[in-house]
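This chain uses plain numbering: 1 for the first residue, then up along the sequence. Note: hydrogens, waters and symmetry copies are ignored here, and every other heavy atom, side chains too, is used. Atoms within a ligand are numbered from 1 in the order they appear, just like the ligands themselves.
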Amino acid sequence: MPRPTAVHDSLVLEPRDVHFDWSELPLHWIPDEPMATHTINVLHLLLPEGERWFVQVFKDALPYITDEQLREEVLGFIGQEAIHAEAHQEVLDHLLGQGLDPRPYVRQVSWLFHRILGERPGLSATRRRESITERVAYVAAIEHFTAFLGNWALNSPGLDRAEAHPTMLDLLRWHGAEEVEHRSVAYDLMVHLDPGYWRRIRGMALSGPLLTHLWVRGVRFLLAADPTLDGRLRPTWRQAQQIARRGMLPEPARMVRSALRYLRPGYHPTQEGSSSQAIGYLATSPAARAAALHQAAPEHRESPGNG
Ligand SMILES: [Fe+2]
Ligand SMILES: [Fe+2]
């Protein structure tokens, strides 16, 4: 099958084996901003299970790929997402050590990805391929949001102004940059397996509302579970919008407009975000630089600095 689109970056996706030191991370890593902190913390609740699920879906899709370059990109994507999942898992472990137990929420997320969106045993070959293609379409729509959020993280001076903790900023921007870097892969895989427009629409029709629901529940959960807040802080849309106007969260209306762009017939992920900005950040990210040094000279593991 020919490549699905002429608008395509030629990618060599490199998994960067990053490590972060969370020992100094305060519970509210945006100082005095628990709502902004926990709204972003929902990423840590969703991504370890979610990105492990991406990895499984893409491994299941490998036998159906007939384009060598796309296969290489899918393998690079799998390598990057596997490291993302583990990096966010370490933050969850740190939250638990600070008295905020994320496990009840994570158990629900795990159930969703394994029981509802997981592989169904006993399918015929045709139905199995269809089921995998459908899940790839869900991943492609979610990857539209991760690229949007990654692009936002790379262009979010409000977080610097609010003096967000530098190690968390590096995690968000390293991960965000890799999301921008590999933003086409899931979409191109979906189109390779099924070029039909309705597949793309169905992917967004499920993933958009599901992500919104999980995010709202996640913010409520974290604010209720935060041992320093005693359940006093109840999130509202109005608060979220005020925080977004101060640059600490993406504007909800911009996210909605971005989701609508995904539905345009001529859409391709390369139209969103900048690969050169992403690669530029990865060249300066403390964690990515330490990983590159370690890969060049494995006996010298340097931990990334906090700046
Ligand atoms: Fe990721
Ligand atoms: Fe991704």
Peer 1: Any salt bridge between Glu178 and Arg183, counting N to O under 4.0 Å?
Peer 2: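 Result for this pair is no, no salt bridge flagged.
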Peer 1: Name the atoms and distances for all side-chain donor-acceptor pairs under 3.5 Å in residues 140-152, with sequence neighbours left out.
Peer 2:
from	atom 1	to	atom 2	distance (Å)
Glu143	OE1	His182	NE2	3.0
Glu143	OE2	Thr146	OG1	3.3
His144	ND1	Tyr267	OH	2.8
His144	NE2	Ser258	O	2.8
His144	NE2	Ser258	OG	2.8
Thr146	OG1	Glu143	O	3.1
Thr146	OG1	Glu179	OE1	2.8
Asn151	OD1	Asn155	ND2	3.2

Peer 1: Any salt bridge linking Asp194 with Arg129? Criterion: basic side-chain nitrogen under 4.0 Å from a carboxylate oxygen.
Peer 2: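 Looking at Arg129 together with Asp194, the answer is no, because their closest N to O distance does not fall below 4.0 Å.
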Peer 1: Let me have the donor-acceptor pairs involving side chains of residues 241-256, under 3.5 Å, with sequence neighbours excluded, atom names and distances please.
Peer 2:
from	atom 1	to	atom 2	distance (Å)
Arg246	NH2	Glu33	OE2	2.4

Peer 1: Are any of the side-chain nitrogens in Arg52 or Glu86 under 4.0 Å away from the carboxylate oxygens of its partner?
Peer 2: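 A salt bridge is present here (some side-chain N lies under 4.0 Å from a carboxylate O).
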Peer 1: Would you tabulate the side-chain donor-acceptor contacts of residues 40-49 under 3.5 Å, counting partners in other chains and residues two or more places apart, or write 'none'?
Peer 2:
from	atom 1	to	atom 2	distance (Å)
Asn41	OD1	Trp29	NE1	2.9
Asn41	OD1	His44	NE2	3.3
Asn41	ND2	His38	ND1	3.1
His44	ND1	His88	ND1	2.9

Peer 1: From the N, O or S atoms in His175, identify the one nearest to the Fe ion (ligand 1).
Peer 2: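 Result: NE2.
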Peer 1: What's within reach of the Fe ion (ligand 2), meaning protein N/O/S atoms under 2.8 Å?
Peer 2: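 Per the 2.8 Å query on the Fe ion (ligand 2), atoms found are Glu81 OE2, Glu143 OE1, Glu143 OE2, Glu179 OE1, Glu179 OE2, His182 NE2.
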